[in-house]
Amino acid sequence: MEEKMSHLENTCNFSGVKPIMMDLPYPPVRVKEKNQTYANLLSVDYCGSVSEMSAIAQYINHENSLSCEKCPLAKTILGIAMAEMVHLQKLGELIFLLGGRADFTAMQKNGTRKMWTPEYLNISENIGRMAAADIEAEKAAVSQYKMHMRVINDEGVNAVLARIIKDEMYHIMLLQNLT
């Protein structure tokens, strides 16, 4: 007897998905001068517990969980993840210009560096809890960026952070409308 093989396939087509962000240009990535303190602050935004790296990993996990059954929602989540990748890239440029290193370690309050870890993520299989976790992460990022902007006295750095905040606020609005 000939055995029939069955195949499972994800039919969600992600071609054409683009970063979901505000339709506004980014300011030039520039800094007034090298400043290790500012680079250390941005390392937290880059790959700390509340960071672009954490957002990307969490969104990709959620997109993977949704793509086979909720394709439109998965495409939106992937587009948001792609925007977070742009943010990660911009922060990396700023860190280097400030004299730091974007090596996936974030400066801790005690002065040590900690490597990014997936333990930072809030992973759920429930769509409502996914969206709630993503909204909370975006709100925490906005709050952290605003706090860093109060400390950083560099117009170039703060202009990029302000522009990133606009995308994060847009993501919050989108995620709230999805639930």
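Since this is a predicted model, take the numbers as computed values, not measurements.
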Looking at every heavy atom in both [X] and [Y], which two are closest together, and how far apart are they?
X	Y	answer
I20	A83	O-CB, 3.2 Å
A81	I56	O-CG1, 4.0 Å
K34	G99	NZ-CA, 4.0 Å
T105	M115	CG2-CA, 4.0 Å

For Y170, look at atom OH and say whether over 12 heavy atoms of other residues, nucleotides or ligands are found less than 6.0 Å away. no
Do other residues, nucleotides or ligands put more than 12 heavy atoms under 6.0 Å from the CD atom of E155?
no
With a 4.5 Å cut-off on side-chain heavy atoms, are [Y] and [X] touching?
X	Y	result
N40	R113	yes
L42	L161	yes
E52	E168	yes
Y46	M53	no
Y38	L97	no
S54	L121	yes
K166	Y26	no
P19	M85	no

Check whether [X] and [Y] end up in the same hydrophobic cluster, where Ile, Leu, Val, Met, Phe, Trp and Tyr are linked by side-chain heavy atoms less than 4.5 Å apart.
X	Y	answer
M147	V50	no
V151	V160	yes
M107	I152	no
W116	L91	yes
V44	I164	no

Next item on the list: Kindly indicate, with the supporting measurements, whether the criterion side chain to side chain contact (heavy atoms under 4.5 Å, CB included) is fulfilled by L41 and D45.
Entry: CA-CA 7 Å; L41 280 174; D45 300 321; 5.5 Å; no
Is a side-chain donor or acceptor of [X] paired with a backbone partner of [Y] at a separation under 3.5 angstrom?
X	Y	result
S65	N61	yes
N35	L98	no
S49	Y120	no
S43	G48	no

- Message: Could you check whether Q58 and N122, counting side-chain N and O atoms only, form a donor-acceptor pair closer than 3.5 Å?
- Response: no
If we count only N and O atoms by modelled type, under 3.5 Å, do the side chains of N110 and T112 hold a donor and an acceptor together?
yes
[atom1]-[atom2] distance between [X] and [Y], expressed to the nearest 0.5 angstrom:
X	Y	atom1	atom2	value
N153	T37	CG	OG1	12.5 Å
K146	N158	NZ	CG	13.0 Å
D23	D167	CG	CG	10.5 Å
H62	I127	NE2	CD1	11.0 Å
M82	I60	CE	CD1	8.5 Å
M173	I135	CE	CD1	11.5 Å

Practice problem: Can you label the angle between the H171 ring and the Y59 ring as parallel, tilted or perpendicular, going by 30° and 60°? | Solution: perpendicular
Quiz item: Passes side chain to side chain contact (heavy atoms under 4.5 Å, CB included), E84 versus E138? Steps please.
Solution: CA-CA 10 Å; E84 305 298 353; E138 293 283 3; 2.8 Å; yes
The test is side chain to side chain contact (heavy atoms under 4.5 Å, CB included); show your working for K90 and L94 and say whether it passes. CA-CA 6 Å; K90 299 287 184 197; L94 287 170; 5.5 Å; no
Residues 68-79, side-chain donor-acceptor partners within the protein, below 3.5 Å, at least two apart:
residue: K75; atom: NZ; partner: N13; partner atom: O; Å: 3.1
residue: T76; atom: OG1; partner: P72; partner atom: O; Å: 3.2

